[in-house]
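Everything below concerns the one structure shown next.
Lettering of chains follows the sequences in order, A, B, ..., and the numbering in each one begins at 1.
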Amino acid sequence: MRVRFPPSPTGALHIGNARTALYNWLLARGHDGTLVLRIEDTDRERSTPENEQSIFEALEWLGVDWDEGPTYQSANAERHAEVVEQLIADGHAYRSTAGPEEVRAYKEAHESRGFRGAEEGEGAVRLRVPDEGVTVVRDVVRGETAFENTLLDDLVIARADGTPIYHLAVVVDDADAGITHVVRGADHYSNTPKQILIQQAMGAPTPVYAHLPLLHGPDGKKLSKRHGATSVEDLREAGYLPEAVINYLALLGWGYDEETTFHTVDELKERFSLERVSKAPAVFDEQKLRWMNGRYLRELSVDELTARLEAFTGHTGLRDAVAITQDKISTLAEFWPLARSFFEGPVDDPDARAKVLGKPEATDALTQVRSALGELAEPWEQEGVERVLRDAVERSGLKAKQVFQPLRVALTGTTVSPGIFETVALLGRDETLARVDEASRGRQAA
RNA sequence: GCCGCUAUCGUCUAGGGGACUAGGACGCCGCCCUCUCACGGCGGAAACCGGGGUUCGAAUCCCCGUAGCGGUACCA
């Protein structure tokens with residue numbers, strides 16, 4: 001089995017393309033297959049070094065590798081021209097100057113009939129499509145469909161300037177590369193009979209086809225920027241883990257059984273099959289990815305998560321903070337907002353201060369807490385901190401919440417933070433007392 | 001317009017004639033846990049697009065309709 005996947009040469013790796021790449025990869029890796037990477041760029045200028053680089057980086061981040069390539073259609077121009085000449089010589093193709101207007105006029109004159117041109121010896125090269133019979137597309141996920149040849153146009157396979165059209169180029173490249181399985185988006189389905197016709201004219205074999213359902217945004221329209229993340233790069237920047245992205249993408253258009261949701265990459269390689277790919281388009285739901293990402297994130301060891309967060313945020317010395325925030329975040333991006341006050345001091349949140357420190361019992365609460373913590377003997381650890389703080393609550397006659405929230409705001413500046421005991425323990429004696437004192441002064445001033 | 005594909009909870013899906021009072025997951029709602037936010041646990045609401053067939057029996061098969069999507073380029 002030889003499969004090949006064609007990333008879009010137009011920049012970021014779109015989520016839909018990523019899924020196509022993933023399925024090709026799983027298929028090859030699960031079946032001893034060879035994976036070929038080829039960039040579809042007959043349209044010359046499309047593959048810029050920057051675009052390619054971002055695609056390769058996205059694939060690498062996902063862990064999707066390949067055995068051969070990258071190759072480029074544009075590098076194969078001579079071979080394409082040779083095939084075109086051969087098809088003309090064999091009478092399978094002809095040169096014609098007919099353009100869109102002529103084609104339209106022809107179709108208006110011939111009711112329900114594909115365009116048929118005449119040999120003119122110049123112009124673009126068109127393939128001669130048979131006037132009868134059907135071209136059958138056999139698709140692993142969709143079954144068989146017969147297309148009436150008479151309805152198909154004589155399609156252009158090379159421009160007047162000699163450059164090949166995509167359909168010709170893929171077919172030639174796939175045939176030359178010995179590609180046996182073509183797994184691509186369903187937007188190519190209606191084009192498949194054209195490619196099969198080219199294969200037949202060339203005498204090349206037809207590979208096994210599988211067309212994947214398209215991906216849509218929440219509104220059922222094509223996934224676009226206004227739906228949020230649309231590329232693998234976007235997901236990476238949003239703090240998703242590659243293993244979660246792979247798991248989620250695998251499930252968009254494919255299901256293994258009645259209840260399994262989590263699959264490791266190795267399990268996916270083993271379990272994935274084209275036969276179980278669904279036919280209906282799927283909607284990309286970032287909320288579910290988010291949930292799944294949180295699950296993966298919580299399964300990481302503290303050391304591993306720390307390493308990823310340090311790479312993601314560019315900060316170091318995060319381990320202790322990571323340990324107490326791990327089960328509060330769903331993406332890497334959520335870490336810093338929750339933990340920054342440990343490193344940069346209390347954040348400035350006037351609303352939180354007014355709402356919590358402005359309460360009448362706040363002064364009393366901070367006073368009790370200050371004296372309790374001030375008397376706490378070393379070591380300054382979570383266990384001792386919790387003990388004295390709970391005692392302070394007891395003495396104050398207030399509810400735990402009435403004491404802890406002012407303390408939380410005094411220490412972090414906000415009403416949302418890791419557990420209060422963990423926070424106090426991590427901050428350390430000096431910093432904790434200093435922040436409490438600072439908050440008390442601020443309160444008196446106000 | 002023509003050709004084609006698709007159609008199960010809001011979303012991802014399981015289902016391939018009786019096991020379906022249609023299963024799981026996300027999200028949502030409620031309860032529990034609780035120092036905030038989360039996490040976690042428990043429970044709940046929520047779907048077979050419509051109409052005809054076939055059959056003793058249809059979510060499952062066939063036809064029609066409807067809707068969505070794709071193709072119809074000297075784009076990929």
What is the base-pairing partner of [N], counting Watson-Crick and G-U wobble geometry with both distances under 3.5 Å?
N     : answer
B/C48 : none
B/C37 : none
B/C42 : B/G30
B/U55 : none
B/G70 : B/C3
B/G17 : none

Can you say whether the rings of [X] and [Y] are parallel (under 30°), tilted (30 to 60°) or perpendicular (over 60°)?
X      : Y      : value
A/W291 : A/F262 : tilted
A/F272 : A/Y23  : tilted
A/Y256 : A/H263 : perpendicular

Regarding [N], can its base be found pairing with the side chain of [X] as donor and acceptor, where the two atoms are less than 3.5 Å apart?
X      : N    : answer
A/K279 : B/A7 : no
A/R142 : B/C5 : no
A/T145 : B/G4 : no

Correct closest heavy-atom pair for A/T415 and A/A352 would be CG2-CB, 3.9 Å
Upstream residue (5' side of RNA chain B) when A/A186 and A/L152 are each assigned their closest nucleotide: A/L152
Nucleotide nearest [X] (side chain, heavy atoms from C-beta), chosen from [options]:
X      : options             : answer
A/D327 : B/U36, B/A38, B/C26 : B/A38
A/K328 : B/C37, B/G70, B/C74 : B/C37
A/D153 : B/C26, B/G71, B/A73 : B/A73

Sub-3.5 Å pairs of nitrogen or oxygen atoms, protein against nucleotides 46-48 of chain B:
none

Residue from A/T42, A/D173, A/T163 passing side chain to side chain donor-acceptor pair (under 3.5 Å) with A/H80: A/D173
